[in-house]
Amino acid sequence: MKLIVLAQEDDNHTAPLKWALEKAGYRVACWGGLSWMGQGQASIRLGSNNSITLGQHSVDPGDVVWIRRPEPPQSNPKTLEADKKFAAQEYRSLYHSIAFLLETMPVWCINKYSASRMTIQKSVQLQIARRCGLKIPDTLMSNNPEEVKAFLRRGGRSICKGFTPHVWQKTGQTSVAITETFEITGDQLPADEVLTYAPAIYQELVPKEYDIRMVLMGNHIYSYALNNTKKALDWRQDAGFGHVSAELVPTPPEVEKGILEFARQTGVCFGSLDFGVDAKGQWWFLEINEQGQFLWLDQFNPSLKIMGKFCAFVTAPEGSTAPLEEREDLFPTLKEYEDLLSREAVPPLARPHSEDPFLSMEA
Amino acid sequence: MDQDNRVLTRRGARELSEQEVETVTGALKIRRTLTPCFVDSRQQLINGDQAIGECGP
């Protein structure tokens, strides 16, 4: 068995996890995604012997495939202009053929590609969460000004947020503006036409006492209470400033039951989930990012050992119910990795390699 | 630029000064680079919870 990670080797989660797994004696292979260049090339062979080859790595029965963050397919820049659009579609088709075919092979996909593509849609995850008995805020996703105004008139406080994160950078400056959840009232709405420039998500404001970041690993659920000293609506920026602390808390039985059912219905076995907890102690499901960040929890609180838990998760049999805590200490810690990183004894972590879809320049 | 004509989500975005961006990424070179919304000051990238893969968000 080997772990095949679909991500660049220097991705900020892939690098430390690969290092930890190899230190513990496991084989790890990285494939950064489909590309015209040598290691990015891939093949599917179908016939009497089916096979998938990703760069120099073959996908073998019993392997675990972690679809972390492959780069978008890259076609050869020397392709003639007249052929570029066609070539790009062909690259995309080959990637899809690989990603979906993996689900039919005797390997364990974290997560199955079809499950991740469906579950990443915020409408789908909210609806399934509700169906599984989890509490969700009233939500409108729309570009229709009349619908937006009606939603904000319904009574109660509301927030607005984007479907995806984004950074706006002023030309020639390094100051930036970053999308963040913000409170909105009907009086603050711009002209109707502006609401049609970009759809958005409008939601009932959850009167949060604190936030929960939950990590789902198969049958295991870990919930962490986040104390944000800034008490912002959105804690994620404040985490970067160090204003957030993380502490392991028990998951209420009804929430655990709902999440395990959510995992069953969506088909995801791994993900990072956000909840808000109100004054009555009710947990409100806000979202799941099926390949969200999780190692930062160890940066904030090393006793959580989330890196060891993930290593134990991907090296256990699929569907195992054995506590990950029993094996988490078989793996070195993120702190050990970061010590090596600070001494430049391991390669540096990299930034995304392809053009960033989340960045816009503005005057 | 006509700020009244910006998308609503841009209006609600959090402004980070150059100094704030450096606070996150410069002074804390290694720590907190794995957080759900890490902004890379050199390339002004978000490297966080969401990634747009090869076929969109």
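Residue numbers start from 1 in every chain, and the chains themselves are labelled A, B, ... in the order their sequence lines are given, proteins ahead of strands.
In terms of heavy-atom pairs under 4.5 Å with chain B, the best-connected choice from Ala200(A), Ala198(A), Pro190(A) is Pro190(A).
Contact check for Trp168(A) versus Arg6(B): side-chain heavy atoms found under the 4.5 Å cut-off. Counting heavy atoms from C-beta on, the side chains of Leu8(B) and Val148(A) never come closer than 4.5 Å. Residues Asp4(B) and Val194(A) have side chains not in contact (no heavy-atom distance under 4.5 Å, counting atoms from C-beta outward).
Once rounded to the nearest 0.5 Å, the distance linking CZ of Arg14(B) with OG1 of Thr179(A) reads 11.0 Å. Taken to the nearest 0.5 Å, the CD atom of Glu180(A) stands 8.5 Å off from the CG atom of Leu16(B). How far OH of Tyr197(A) is from CG of Asn5(B): 3.5 Å, rounded to the nearest 0.5 Å. Thr9(B) contributes atom OG1, which lies 9.0 Å from atom CD1 of Ile201(A) (distance to the nearest 0.5 angstrom).
The contact between Ile184(A) and chain B is made entirely by side chain atoms (from C-beta outward), counting heavy-atom distances below 4.5 Å. With a 4.5 angstrom heavy-atom cutoff, Tyr202(A) touches chain B only via side-chain atoms.
When the shell of 6.0 Å around NZ of Lys112(A) is examined, it contains 12 or fewer heavy atoms from other residues, nucleotides or ligands.
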